[in-house]
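Have a look at the structure below before the remarks.
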Amino acid sequence: MKRLVNDGYINLALSRNAFDNALTKYEAAEEGENRVFTLNSSSRETENKLRLDVSKYKNGWRYAYGVSGQYAQFKNDIYSVIRKELRDEQNNLVQPGVTLDYDTKLDFFRYGAFGQVSRSVLDNKLGLSLGIRTDMNSFTDEGNNPLNTLSPRLALSYLLNDRWTINASSGIYYKLPTYTVLGYQQNGAYLNKQADYIRSIHYVLGTEFLPRQDLRFTLEAFYKDYGNYPVSIRDGISLANQGGDFGAIGNEAVATNGKGRAYGAEVYLQKKLTGTVFSVLSYTYVVSEFSGLDGEYVSSAWDYRHLVSGLLGKKRRATGSSGLSIGLPVVRQPHHSTWRHRNETTHLWERAYLTTTD
């Protein structure tokens with residue numbers, strides 16, 4: 001719902017989303033009714049969201065502020081054989097078995113506030129934008145402290161001439177760990193209530209070139225620094241480095257002291273619709289690495305390195321437009337032994353390149 005006010009407008013949005021997920025896996029090489037489960041999971045997450053924001057323009061200043069809140073619910077019933085028990089020929093225990101078997105129901109509130117101010121100076125050649133945000137929740141131990149997630153952001157844009165623009169931005173972003181991590185239980189107790197928000201700091205520098213009105217070309221370099229990333233206490237491995245096998249990630253006790261980094265560059269070309277054809281093409285080179293309890297950086301589960309994406313469309317006079325979209329990670333096999341190959345089809349659209357938006 002949008003309402004006009006003096007020098008701007010107020011926007012109120014209410015939404016709800018739900019996601020169901022079921023996973024089943026049997027013991028290898030077993031068939032028929034005697035098959036044994038190694039994974040049987042059923043989960044559902046629901047979010048009811050409310051957002052109020054105010055946008056105004058006055059005396060050359062643009063500013064916006066607002067609040068958001070949501071009621072989150074998560075259910076997870078899981079049985080998973082993590083590791084089988086192994087014994088030698090003398091029946092001595094070589095490796096103890098690890099099995100998950102629990103049913104969790106989680107509900108809590110998430111809320112936040114934000115503000116942003118922007119202005120153009122130097123004959124509208126230099127654009128400045130400054131923003132700040134904080135996020136909180138009612139579940140984690142430190143979730144109600146707004147200072148823990150205080151995240152300033154700054155963006156600059158300088159118009160060199162009618163065709164060339166230089167852009168730069170930096171900002172801090174916080175994200176709550178996944179519901180799977182937060183909902184993990186042992187003996188009826190939530191073991192990850194001490195988890196911190198995942199922190200990431202973005203640095204972006206790029207240029208935009210407009211050779212003509214219907215053609216746009218951008219080149220950007222980026223670096224992203226992660227902190228407070230969840231690390232498995234059981235295995236000492238970052239959750240970002242897991243995911244090579246079929247299953248669910250996060251059903252375990254974690255320590256949010258992991259680090260990570262992602263850096264690279266993106267080339268983007270856009271042909272706007274001026275006649276009957278429009279198209280978009282992008283290529284991204286990205287390196288993504290995370291560390292576990294040992295502090296050593298290794299390739300993450302989505303370290304694809306080369307990403308190509310494209311969109312081609314044609315507008316038809318009578319029925320509108322139609323198009324073809326493609327996206328393909330060109331997978332490189334890292335040499336580090338702890339990297340695990342992921343299913344390419346499942347993660348085809350998990351684009352690894354980064355922007356400065358939430």
* Asked: For Q185 and T104, what are the C-alpha separation, side-chain angles and deciding distance, and is it a side chain to side chain donor-acceptor pair (under 3.5 Å)?
  -> CA-CA 7 Å; Q185 286 188 4; T104 187; 3.2 Å; yes
* From Q270, K272, K271, residue fulfilling side-chain hydrogen bond (donor to acceptor under 3.5 Å, both in side chains) relative to D214 -> K271
* **Check against ring-ring contact (aromatic ring centres under 6.0 Å, His included), Y268 and F217** => CA-CA 6 Å; Y268 178 85; F217 170 84; 9.2 Å; no
* Asked: Side-chain heavy atoms under 4.5 angstrom apart, residues restricted to Ile, Leu, Val, Met, Phe, Trp, Tyr: same cluster for I132 and I201?
  -> no
* To do: Kindly indicate, with the supporting measurements, whether the criterion side chain to side chain donor-acceptor pair (under 3.5 Å) is fulfilled by N228 and R199.
  => CA-CA 6 Å; N228 304 339; R199 188 203 73 237; 4.7 Å; no
* Asked: Without hydrogens or angle criteria, can the side chains of T140 and N137 be said to hold a donor-acceptor pair below 3.5 Å?
  -> yes
* Structure fact -> Those residues at least two apart in sequence (or on a different chain) that pass side chain to side chain contact (heavy atoms under 4.5 Å, CB included) with D88 are Q90, N92, V94
* Looking only at side chains, do T149 and D135 share a donor and an acceptor under 3.5 Å apart? -> no
* **E289/S299 under side chain to side chain donor-acceptor pair (under 3.5 Å): CA gap, chis, key distance, verdict** => CA-CA 4 Å; E289 300 172 323; S299 295; 5.0 Å; no
* Asked: Apart from L293 itself, what residues make up its hydrophobic cluster, given side-chain heavy atom links below 4.5 Å?
  -> V231
* **Validation row, ring centre F290 to ring centre Y229 under 6.0 Å** => yes
* Asked: Between Q73 and T46, do the side chains contain an N or O donor and an N or O acceptor separated by less than 3.5 Å?
  -> no
* Check: Y179/E47 side-chain N/O donor and acceptor closer than 3.5 Å -> yes
* What's the shortest heavy-atom distance between S300 and N241, and which atoms? -> CA-OD1, 3.1 Å
* **K75 and D77 ion-paired at < 4.0 Å** => no
* Taking only residues at least two apart or on different chains, which pairs with a member in residues 111-128 satisfy side-chain hydrogen bond (donor to acceptor under 3.5 Å, both in side chains)? -> Y111-N144, Q116-S129
* Evaluate the side chain to side chain donor-acceptor pair (under 3.5 Å) criterion for residues W164 and T207: first the C-alpha distance (whole Å), next the side-chain angles of each, then the deciding distance (0.1 Å), finally the verdict. => CA-CA 7 Å; W164 286 94; T207 184; over 6 Å; no
* Are L130 and Y65 connected in the hydrophobic side-chain network, where two residues link if heavy atoms are under 4.5 Å apart? -> yes
* Pair D107 + K105, salt bridge at N-O below 4.0 Å -> no
* Please walk me through it: do Y190 and F139 pass ring-ring contact (aromatic ring centres under 6.0 Å, His included)? -> CA-CA 10 Å; Y190 294 105; F139 178 75; 5.4 Å; yes
* To do: Kindly state whether the ring of Y184 and the ring of Y102 have centres lying under 6.0 angstrom apart.
  => yes
* Using a strict cut-off of less than 4.0 Å between a Lys/Arg side-chain nitrogen and an Asp/Glu carboxylate oxygen, indicate whether K56 and D7 qualify as a salt bridge. => no
* Asked: Are Y173 and H202 close enough that their ring centers fall under 6.0 Å?
  -> yes
